[in-house]
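A short write-up of the structure that comes next.
Only a predicted model underlies this, so the values are computations on that prediction, with no experimental measurement involved.
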Amino acid sequence: MLPIKNTLFIVSGVSSFIIFYMGIVNFLTSVEESTGMILLIFSVFVATGTLLGTVHISTSITKPIQKLAKNMSDFSKSNKLSNENQIKTNVKEIFELNENFVSMGEKVEKTIKVQNEYVQKLKDMDRKKVEFSSMVSHELKTPLVPILGYVQMLQKEELLGKLNEGQKDAVDEIYTSTIKLEKLIGDILTTQKLDLGKLVFNHENINISELLHGLIKEFDPIAIEKEIEITANFNEDVQIFSDRDRINQVFSNLIKNAIDYVSPGTGCVTIGMKNNLNDVEFFVQDNGVGISEDNKKDLFKKFYQVDTSSKRKKGGSGLGLAICKGITEGLGGEIWVESEKNVKTTFFFKIPKKPIKISVKDDSS
Ligand SMILES: Nc1ncnc2c1ncn2[C@@H]1O[C@H](COP(=O)(O)OP(=O)(O)OP(=O)(O)O)[C@@H](O)[C@H]1O
Ligand SMILES: [Mg+2]
């Protein structure tokens, strides 16, 4: 694009040249030498006047326009009006343009200020809400300890006396429901701590081979009961310095999901890892129902479940994957999923071999 200044100079330069050229032609072709000379001097004056006029117009029009353009560009970057480049002009249109820009800028500044105050208020309210529900969940967890204790005492008949078959079934039902409630409250507390950036990570040396074999052993009884196979697939042993319990928690959530979504008899769950230079890439793969592209994007959001129908057979609250995401990111890694409907689903998560500094994200969505 051609700047206005250059355009003015080109136009005035060409005009001056034509006037000067005509003056010379007149001088050379004039019959009377004095008339030619007068016309030449006149053309020199006019050409010089045109050039000087251009310089004047250029300074009084283009300079303030350039300043205004710079002010506008600075404003669009910082959303703040600057007092440094005050525009002084006698050109009415430029004066009005600048006045309008300043008044618009002041309004935008005000709106942004009010908007920021609202955002801050909403963040404070959200934080207080999370802190309150965190306190409530904690209080809900406390009575569960004696409830579980007494139910377990009732189950061991030698402690509180013999139960008949109906009583035994009832106590077993209370036990299963209490365990579910305990898990749900635990998951809500973990999610709230992640939201508040208060989840504490305890780093220690972890032998990955031991960790993976420990997980297989832990899930063996469920695998046998559901007649599915759980295998480990890795050919290298690695040591990392991270949080063993939290990595176990991520694996447990992913393995439980995998077990839930494979068919009894033919189900196959594989856990494993790939050793990279700075991190370890773990995976949990299953040959279950799979996840469609549409559902993948919301999978790691709190309380998200693909099947929300009343006929839904699986329990759960939809917090498991949100917790996995919070933990992996809190440990400086990431989590993602690849899936082929009715063929296979693989959840991957990367954990750095050594802790890295993470900036706490303030996202309570
Ligand atoms: N391996 C998988 N195969 C198919 N769908 C899956 C798989 N893992 C997760 N999903 C889908 O993702 C949803 C969210 O999983 P998430 O673990 O967060 O919650 P949940 O298992 O329903 O409950 P919980 O909080 O007890 O874990 C599940 O309800 C399920 O629809
Ligand atoms: Mg789950």
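Under a 3.5 Å cut-off, the side chain of Ser73 and the backbone N or O of Ala69 do not form any donor-acceptor pair. Panel note: side chain Gln167, backbone Asn164; a donor-acceptor pair is recorded below 3.5 Å. For the pair Arg244 (side chain) and Asn205 (backbone), a donor-acceptor distance under 3.5 Å is present.
Under a 4.0 Å N-O distance rule, the pair Glu109/Lys113 does not qualify as a salt bridge. Using a cutoff of 4.0 Å between basic side-chain nitrogens and carboxylate oxygens, Asp298 and Lys301 are scored as salt-bridged. The pair Asp195-Lys302 meets the salt-bridge criterion, with a side-chain N (NZ, NE, NH1 or NH2) lying under 4.0 Å from an Asp/Glu carboxylate O. Ion pairing between a basic and an acidic side chain is recognised when a charged N comes within 4.0 Å of a carboxylate O; Glu96 and Lys92 show such pairing.
Side chains of Asp279 and Asn276: a donor on one and an acceptor on the other come within 3.5 Å. Residues Gln285 and Thr345 have side chains that never bring a donor and an acceptor to within less than 3.5 angstrom of each other. When only modelled atom types and interatomic distance are considered, Asp245 and Asn202 share no side-chain donor-acceptor pair under 3.5 Å. Defined by atom type and a distance below 3.5 Å, a donor-acceptor pair is missing between the side-chain atoms of Ser103 and Asn100.
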Which pairs would a plain distance check flag for residues 44-51, meaning a side-chain donor or acceptor within less than 3.5 Å of a matching protein atom at least two apart in sequence or in another chain?
{"residue": "Thr48", "atom": "OG1", "partner": "Val44", "partner atom": "O", "Å": "2.6"}
{"residue": "Thr50", "atom": "OG1", "partner": "Val46", "partner atom": "O", "Å": "2.7"}

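Shown here are the salt bridge (charged side-chain N to carboxylate O under 4.0 Å, His left out) partners of Asp187, two or more places apart in sequence or in another chain: Lys183. For the side-chain hydrogen bond (donor to acceptor under 3.5 Å, both in side chains) test, residues two or more places apart in sequence or in another chain that qualify with Glu236 are Asn275.
Counting heavy atoms from C-beta on, the side chains of Met72 and Phe101 come closer than 4.5 Å. No side-chain heavy atom of Asn287 sits under 4.5 Å from any side-chain heavy atom of Thr270. Residues Leu199 and Arg246 are in side-chain contact: their nearest non-hydrogen atoms beyond the backbone lie under 4.5 Å apart. Considering only heavy atoms from C-beta on, Phe282 comes within 4.5 Å of Phe251 through its side chain.
Closest of all the heavy-atom pairs between Ile94 and Pro64 is CG2-CB, 3.9 Å. When all heavy atoms of Ile208 and Asp237 are compared, the pair lying nearest together is N-OD1, 4.1 Å.
Exactly one of Lys123, Lys128, Lys129 qualifies for a side-chain hydrogen bond (donor to acceptor under 3.5 Å, both in side chains) with Asp126. That residue is Lys129.
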Could you walk me through whether Lys121 and Glu117 pass the salt bridge (charged side-chain N to carboxylate O under 4.0 Å, His left out) test, one step at a time? CA-CA 6 Å; Lys121 264 189 203 157; Glu117 280 168 9; 6.0 Å; no
